[in-house]
*Asks:* 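Quick one: the structure is below, questions incoming.
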Amino acid sequence: TIDDLAQEKRGTKHTIDLPQNNFYAVTIDYRQQGLAGNDSWGAMPLPEYRIEPKEFSFTFVLKPIL
């Protein structure tokens, strides 16, 4: 889960230490903003790679694989 992946909660960086669950968690994102990487001082991504805050909506369909 997202909570299990939060560094503050689980206190480790190793995926092997994540708790096992009896369910699958799926996170569906519309877009993801890239990391800046131009320097190591917290610079924002270049304008063409930014996701500006605005209201939007999207749809998706989940189909079982038989």
Side-chain angles (χ1 to χ4, degrees):
T1 66
I2 295 296
D3 287 337
D4 292 337
L5 293 172
Q7 180 64 29
E8 304 82 42
K9 181 176 179 180
R10 64 184 173 98
T12 183
K13 294 183 179 180
H14 305 288
T15 57
I16 195 168
D17 296 327
L18 291 173
Q20 288 190 352
N21 296 307
N22 60 353
F23 60 88
Y24 292 100
V26 177
T27 303
I28 299 173
D29 297 318
Y30 171 67
R31 291 175 70 183
Q32 290 184 323
Q33 180 167 290
L35 301 174
N38 291 343
D39 64 24
S40 60
W41 303 104
M44 291 290 294
L46 297 172
E48 60 266 28
Y49 302 114
R50 292 182 192 163
I51 299 175
E52 300 299 334
K54 64 180 178 180
E55 191 170 322
F56 65 91
S57 66
F58 69 101
T59 61
F60 61 92
V61 176
L62 295 175
K63 293 183 179 181
I65 299 174
L66 302 176

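Residue numbers count from 1 along this sequence.
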*Asks:* Quick one: side chains of residues 46-61, donor-acceptor pairs under 3.5 Å with protein atoms, not counting sequence neighbours, listed by atom name and distance.
*Replies:*
residue: Arg50; atom: NE; partner: Pro45; partner atom: O; Å: 2.6
residue: Arg50; atom: NH2; partner: Pro45; partner atom: O; Å: 3.1

*Asks:* Enumerate the residue pairs fulfilling side-chain hydrogen bond (donor to acceptor under 3.5 Å, both in side chains) with a member in residues 20-30, sequence neighbours excluded, ordered by first and then second residue.
*Replies:* Asp4-Asn21
*Asks:* Would you mind listing the cluster partners of Leu66? Hydrophobic ones only (ILVMFWY), side-chain contacts under 4.5 Å, chaining allowed.
*Replies:* none
